[in-house]
Amino acid sequence: MTPLINLINAVVQLYTLLILVSVLLSYFMSPYDPIRATVDRFVNPLLDPIRKVVPPVGMFDFSPIVLMLLVQFLGGILTSLLMAF
């Protein structure tokens with residue numbers, strides 16, 4: 001089970017990093033830049049439903065924070081369930 005737990009932790013960390021990179025790139029790159037478009041292709045499908053529920057507050061969009069927390073939470077639950085077996 002340890003390799004599976006390590007894989008889950010790696011995927012959670014990678015996806016959290018992708019979310020952070022997406023946020024940082026949104027400040028410095030055009031939405032049409034190929035690098036940003038590629039990162040957004042992985043992140044936006046999960047961000048869009050959250051953005052419908054959590055509206056922006058002024059200029060701040062808190063949906064990436066909510067998504068990072070959800071990914072971390074789900075990764076922790078999956079890891080705990082696998083360790084219980």
Side-chain angles (χ1 to χ4, degrees):
M1 285 289 182
T2 304
L4 186 57
I5 291 172
N6 290 339
L7 178 66
I8 290 171
N9 287 334
V11 169
V12 166
Q13 289 176 357
L14 178 66
Y15 203 77
T16 302
L17 181 64
L18 273 176
I19 296 167
L20 184 61
V21 167
S22 173
V23 169
L24 291 175
L25 290 180
S26 71
Y27 287 111
F28 301 111
M29 288 187 172
S30 163
Y32 305 108
D33 188 273
I35 295 171
R36 181 175 169 199
T38 302
V39 172
D40 286 347
R41 204 172 309 138
F42 289 103
V43 176
N44 280 344
L46 292 178
L47 274 179
D48 290 340
I50 296 172
R51 285 184 174 137
K52 292 178 184 176
V53 177
V54 180
V57 178
M59 291 178 33
F60 299 105
D61 182 15
F62 291 107
S63 58
I65 295 171
V66 172
L67 181 58
M68 280 194 277
L69 290 173
L70 283 172
V71 167
Q72 294 287 328
F73 179 73
L74 291 174
I77 287 177
L78 283 174
T79 302
S80 297
L81 287 173
L82 286 174
M83 290 177 84
F85 289 116

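Summarising the geometry, atom CG belonging to Leu74 is positioned 12.0 Å from atom OH belonging to Tyr15; distances are rounded to the nearest 0.5 Å. Considering CD1 of Ile77 and CG of Leu82, their distance stands at 12.0 Å, rounded to 0.5 Å. Atoms OH and OG, on Tyr27 and Ser22 in that order, are 10.5 Å from each other to the nearest 0.5 Å. Within the model, atoms CG of Leu18 and CG of Asp40 stand 10.0 Å from one another, a figure rounded to the nearest 0.5 Å. Summarising the geometry, atom CD belonging to Gln72 is positioned 10.0 Å from atom CG belonging to Leu67; distances are rounded to the nearest 0.5 Å. Distance check, rounded to the nearest 0.5 Å: CD1 of Ile8 to CG of Leu4 gives 4.5 Å.
Criterion: ILVMFWY side-chain heavy atoms under 4.5 Å apart, direct or through other members. Under it, Ile35 and Ile19 are part of a common hydrophobic cluster. Under a hydrophobic-cluster definition in which Ile, Leu, Val, Met, Phe, Trp and Tyr are linked whenever side-chain heavy atoms come within less than 4.5 Å, directly or via other members, Leu25 and Leu17 are assigned to the same cluster. If you chain together hydrophobic residues whose side chains sit under 4.5 Å apart, Val12 and Val23 never meet in one group. Linking ILVMFWY side-chain heavy atoms closer than 4.5 Å, directly or via other members, places Leu70 and Val21 in a single hydrophobic cluster.
Residue pairs meeting the salt bridge (Lys or Arg N to Asp or Glu O under 4.0 Å) criterion with at least one member in residues 18-35: none, sequence neighbours excluded.
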Please report, to 0.1 Å, the donor-acceptor pairs under 3.5 Å made by any side chain of residues 41-57, with sequence neighbours excluded.
unit_1, atom_1, unit_2, atom_2, d
Arg51, NE, Asp61, OD2, 2.9
Arg51, NE, Ser63, OG, 3.4
Arg51, NH2, Asp61, OD2, 3.3

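Taking every heavy atom of both residues into account, Pro31 and Ala37 meet most closely at O-CB, 4.2 Å.
Contact of the Ser30 side chain with the Arg36 side chain is not registered, since no non-hydrogen atoms from C-beta on lie closer than 4.5 Å.
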